[in-house]
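Just below is one structure, and these are the notes that go with it.
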Amino acid sequence: MTPKAIGLALMLLAALGATAAKAQAPFPARPIRMLVTIPPGGAPDISARLLAHYLQEAHGWSVVIENRPGANGNIAMVEVAKAPPDGHTLILAADSAITINPHVYGKIGIDTLKDLVPVASVATNQFTLSVNPKVPVNTFQEFIGYARNATPPLPYASGGNGSQHQLSMEMLKQRAGIDLLHVPFRGAAPATQSTVAGDTKVLFSGSASAPLIASGQLRVLAASGKQRSKRYPDLPTVGEFYPGFAVDIWLGVFAPASTPEPIVTTLRGEIHKLLARPDFAERLNVSGSLEPLILSPAEFSTLIHVDYDKYGKIVRDLAIKAD
């Protein structure tokens with residue numbers, strides 16, 4: 001072998017060694033940023049902080065939660081999609097950000113199905129239709145009758161233009177033949193507080209409202225899911241009065257597209273290990289009716305695509321658009 005050939009061989013071996021070393025580098029190599037699309041207090045924020053706590057406790061991982069409300073989650077999604085695909089920048093998002101926003105907003109800067117990779121399903125929940133206690137109704141049927149005759153229309157709060165809260169209420173308006181005035185907020189927490197204060201009168205609220213319901217600061221009238229809520233088994237679903245109405249929500253962790261599969265697999269495995277722990281599930285459920293959601297990659301992908309198509313049709317049928 002000539003000296004030149006030997007030199008080339010040595011360079012090749014060195015390159016291969018560097019590549020192997022890089023591939024085998026420990027993960028995570030630095031703190032993980034996990035963006036959340038809402039202010040502190042809502043279900044995605046609660047879930048993200050629990051994950052961060054348990055990953056630190058179990059493995060010593062440093063997971064920094066960054067709340068990035070704005071444009072109903074679009075700003076945070078774009079930031080994550082354009083981050084280096086190394087697993088150190090993630091987003092914990094509700095299904096609405098991934099499956100509804102692309103239909104509601106003209107341009108969000110990314111394709112949520114192509115520019116983000118699903119890492120792990122995290123939790124599932126459903127909304128409750130809740131009113132300020134001063135609204136003179138005690139049942140769902142009474143609310144529909146009261147809203148139908150209200151002049152001016154009752155104001156309802158949502159987590160933002162194009163949010164799932166808004167979409168759910170617009171679906172109810174259509175099915176029940178009632179008129180309500182939409183008042184959007186930057187996240188579910190301020191929307192809930194507005195309803196507690198009486199500035200708005202009704203909303204579809206998530207798990208974080210459970211303590212407010214228990215303390216009497218909100219009055220719950222119905223659940224939004226296909227099945228009755230485990231937390232409120234005596235509460236009827238909206239679908240019991242309007243068949244076919246069903247809104248079940250899910251939360252998931254996503255990473256930039258092109259994140260190496262071994263890193264995605266590591267993250268998914270560790271997250272799902274935590275979700276399977278009874279103590280984690282108990283703390284997740286303290287906030288309300290959040291339940292761990294453990295799906296295989298194929299199952300999660302199917303859920304995302306089914307909801308994307310379903311909500312796309314609903315948005316078009318209701319002609320919902322956000323500026």
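Sequential numbering from 1 along the given sequence is applied to the chain's residues. Keep in mind the model is a prediction, meaning the values are calculated, not measured.
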Start with the C-alpha gap between T237 and K226, add the side-chain angles, then the distance that decides, and say whether side chain to side chain contact (heavy atoms under 4.5 Å, CB included) holds.
CA-CA 7 Å; T237 66; K226 296 182 184 70; over 6 Å; no
Would you check if the side chain of [X] reaches a backbone N or O of [Y] as a donor-acceptor pair within less than 3.5 Å?
X	Y	answer
H88	A29	yes
T128	S130	no
H272	S121	yes
N132	T195	yes
S224	V247	yes
E57	H53	no
T124	L293	no
S209	L212	no
S301	P297	no
R268	V119	yes

To the nearest 0.5 Å, how far apart are [atom1] in [X] and [atom2] in [Y]?
X	Y	atom1	atom2	answer
L235	Q126	CG	CD	8.5 Å
L267	T259	CG	OG1	8.5 Å
M77	T112	CE	OG1	6.0 Å
K82	I110	NZ	CD1	8.5 Å
E170	I320	CD	CD1	5.0 Å
L303	D95	CG	CG	7.5 Å

Give the ring-plane orientation class for W250 versus F300, where under 30° counts as parallel, over 60° as perpendicular and anything between as tilted.
perpendicular
Honestly curious: do [X] and [Y] fall in one hydrophobic cluster under the side-chain, below-4.5 Å linking rule?
X	Y	answer
L203	L290	no
F185	V196	no
I249	V306	no
M34	I75	no
Y242	L221	yes

Does atom CD of Q227 have more than 12 heavy-atom neighbours from other groups under 6.0 Å away?
no
Within a reach of under 6.0 Å around NZ of K310, are more than 12 heavy atoms found that belong to other residues, nucleotides or ligands?
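Counting neighbours around NZ of K310, more than 12 heavy atoms of other residues, nucleotides or ligands fall under 6.0 Å, so yes.
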Ignoring hydrogens and angles, state whether a donor on the side chain of S194 or T200 is under 3.5 Å from an acceptor on the partner side chain.
yes
Would you mind reporting whether [Y] and [X] have side-chain heavy atoms less than 4.5 Å apart?
X	Y	value
Y232	I213	yes
P256	V80	yes
I98	Y308	no
Y156	K201	no
F127	Q164	yes
S62	R30	no
R175	F241	no
L92	L51	yes

Compare every heavy atom of [Y] with every heavy atom of [X], then report the nearest pair and how far apart it is.
X	Y	answer
G160	S163	O-OG, 2.8 Å
A188	H165	CB-NE2, 3.6 Å
T89	L35	CG2-CD1, 4.5 Å
P102	T99	CD-C, 4.1 Å
A123	L284	CB-CD2, 4.0 Å
P118	F254	CA-CD2, 3.6 Å

Should K173 and D179 be marked as a side chain to side chain contact (heavy atoms under 4.5 Å, CB included) after you check the CA-CA gap, both sets of side-chain angles, and the distance that decides it?
CA-CA 6 Å; K173 285 172 55 178; D179 189 19; 4.0 Å; yes
Evaluate V131 against L154 for side chain to side chain contact (heavy atoms under 4.5 Å, CB included), listing each step before the verdict.
CA-CA 11 Å; V131 297; L154 297 176; over 6 Å; no
H182 vs M169, test: side chain to side chain contact (heavy atoms under 4.5 Å, CB included). Steps then yes/no.
CA-CA 9 Å; H182 181 216; M169 195 68 80; over 6 Å; no
Tell me whether D45 is salt-bridged to R49, with the criterion being a basic N under 4.0 Å from an acidic carboxylate O.
yes
